[in-house]
2 protein chains.
Amino acid sequence: MRYRDENKVLAIREAAIDMVASDGLENFGINRLAKAAGVSPATIYIYYKDKEDLLTSISIEEGVKMTRATLKGFDPNMSFKEGLWVQWQNRAAFSLDNHKSAEFFEQLRNSTYKDKMLETINDEFRKNMGNFVENAIERGEIERMPLEVYWSVAFAPLYSLIRFHNEGKSLGGRKFKFSEKIMKETFDCVLKGLTK
Amino acid sequence: MRYRDENKVLAIREAAIDMVASDGLENFGINRLAKAAGVSPATIYIYYKDKEDLLTSISIEEGVKMTRATLKGFDPNMSFKEGLWVQWQNRAAFSLDNHKSAEFFEQLRNSTYKDKMLETINDEFRKNMGNFVENAIERGEIERMPLEVYWSVAFAPLYSLIRFHNEGKSLGGRKFKFSEKIMKETFDCVLKGLTK
DNA sequence: AAGATAACTGAGCATTTGCTCATTTAAAAA
DNA sequence: TTTTTAAATGAGCAAATGCTCAGTTATCTT
């Protein structure tokens, strides 16, 4: 029998990410994807059940990739300051190196597909984050607070900065450029707010 | 001559917001909108040039509404703490009372339409925010920092919390419920990080 | 070499899409 | 009342959409 051409799978996935990232989820279509990936529309349906399956599958893959990258070198027993800083650096590096992936992910996160993609990724998050935060609380480094509050204070500012960087222009027409220095300053700000 | 039926304009706008909020921008279509608004497709084109014009126009209107609501009772000469708190309360109240609008806005903000809608709203933002932040810096209440960093630390956590609240489930399957108490705690956290 | 299997294809189907136009309706002006 | 103006309409067009199927191709086993 004939074997799957792995290049085709990769081409489909890469083209999908590119299309959503640059044209937006609302302009994403299977026929156009097939053309962009250099593949027949029918081929896509060998790998994915339908359009929704394609988008959710890819978003989960990318989400897992991103989560893995964010947790590289991270250990839930690290001090709060060190652990959070590792995650900030990893996440920023990943988003800048793979900004198409990051943009794709962000688009899906704000769409009707979010439920299916987030239930997988939140599990991954919860496992690693839960212990880390619990340790930090027990050590008296931070106050006890709902996980959602923690996430909102600890990570939302970073993701916002990354978005400002990736969008061409930002507040007031100027161009905003991310840098190690700015990230560190913002981190200090957030850390100060969180720690006792 | 015949006058415009203002109910039709309102019905179109409300139906558009509802549709995008509940079915997602990627499932928004003119024919379906016409049916939902109880109006002929052709009527929509009396009020809007095309689909893009409709979405950007409505998003700008809603954005202005939201900005106005957020700044109710706000004065750039307030103390930093008081001024920011007023904005947090206003914004949270608006988003919870008008969560369809908020959802609609959030969808457009993460789409290819973002450029056109944000250039108007960022102007409004910049005018009011610039002075306020500058005053706070001169009074020595906060450090000098890029506006993007300020925005990311001061507001991104709040918007994140609102999203957690509006999504059915959040981190780890549990349900997260926003409350005055949680908002105040999060605010204190953010304020502590920002102020000297 | 022949047969078996499954990846792969392009043409194209049914439906939906964004949008238009000939016509009708309502209300002001004559 | 008649004329004039523009709002409002529903049928429907060209194009695009998600998806399928009969047929072809590559690679395995025999």
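Numbers restart at 1 for each chain; the letters A, B, ... are given by sequence-line order, proteins then strands.
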- Item | Charged N-O contact under 4.0 Å between B:Glu167 and B:Arg163 | yes
- Task: Considering only NZ, NE, NH1 and NH2 on the basic side and carboxylate oxygens on the acidic side, decide whether B:Lys116 and B:Glu52 come within less than 4.0 Å.
- Result: yes
- Identify, residue by residue, the members of residues 28-53 of chain B with a heavy atom below 4.0 Å from DNA chain C, and return them in order of residue number, or none. B:Phe28, B:Gly29, B:Ile30, B:Asn31, B:Arg32, B:Pro41, B:Ala42, B:Tyr45, B:Asp50, B:Lys51
- Query: According to the Watson-Crick and G-U wobble definition with distances under 3.5 Å, which dot-bracket string, read 5' to 3', encodes DNA chain D, using [ ] for crossing pairs and | for pairs with another strand?
  - Reply: ..||||||||||||||||||||||||||||
- Message: Taking any atom closer than 4.0 angstrom to a non-hydrogen atom of chain B, what span of DNA chain D does the protein reach, first nucleotide to last?
- Response: D:dT5 to D:dG10
- Distance (rounded to the nearest 0.5 Å) between B:Ile182 CD1 and B:Lys177 NZ: 9.0 Å
- Message: With rounding to the nearest 0.5 angstrom, report the CD to OG1 distance, A:Gln89 to A:Thr70.
- Response: 12.0 Å
- Task: Taking heavy atoms of chain B and a 4.0 Å limit, find me the 5'-most and 3'-most nucleotide of DNA chain C within that range.
- Result: C:dT17 to C:dA28
- Task: Please determine which of A:Phe178, A:Phe164, A:Trp151 meets the ring-ring contact (aromatic ring centres under 6.0 Å, His included) test together with A:Tyr159.
- Result: A:Trp151
- Query: What closest approach, in Å, do B:Pro157 and A:Pro157 show between heavy atoms, and which atom pair accounts for it?
  - Reply: CG-CG, 4.0 Å
- With sequence neighbours excluded, what pairs up with A:Glu143 under the side-chain hydrogen bond (donor to acceptor under 3.5 Å, both in side chains) test? none
- Item | 4.5 Å side-chain heavy-atom contact, A:Leu33 and A:Leu54 | yes
- Query: More than 12 heavy atoms of other residues, nucleotides or ligands under 6.0 Å from NZ of B:Lys114: is that the case?
  - Reply: yes
For residues 92-109 of chain A, dump all side-chain donor-acceptor pairs below 3.5 Å to protein atoms at least two apart in sequence or in another chain.
{"unit_1": "A:Ser95", "atom_1": "OG", "unit_2": "A:Arg91", "atom_2": "O", "d": "3.2"}
{"unit_1": "A:Ser101", "atom_1": "OG", "unit_2": "A:Glu62", "atom_2": "OE1", "d": "2.7"}
{"unit_1": "A:Gln107", "atom_1": "OE1", "unit_2": "A:Leu25", "atom_2": "N", "d": "3.1"}

- Kindly confirm or rule out a cation-pi arrangement of B:Lys184 over B:Trp85, judged by NZ or CZ under 6.0 Å from the six-membered ring centre and within 45° of its axis? yes
- Task: Compute whether any side-chain donor of one residue and acceptor of the other, for B:Thr112 and A:Glu26, lie under 3.5 angstrom apart.
- Result: yes
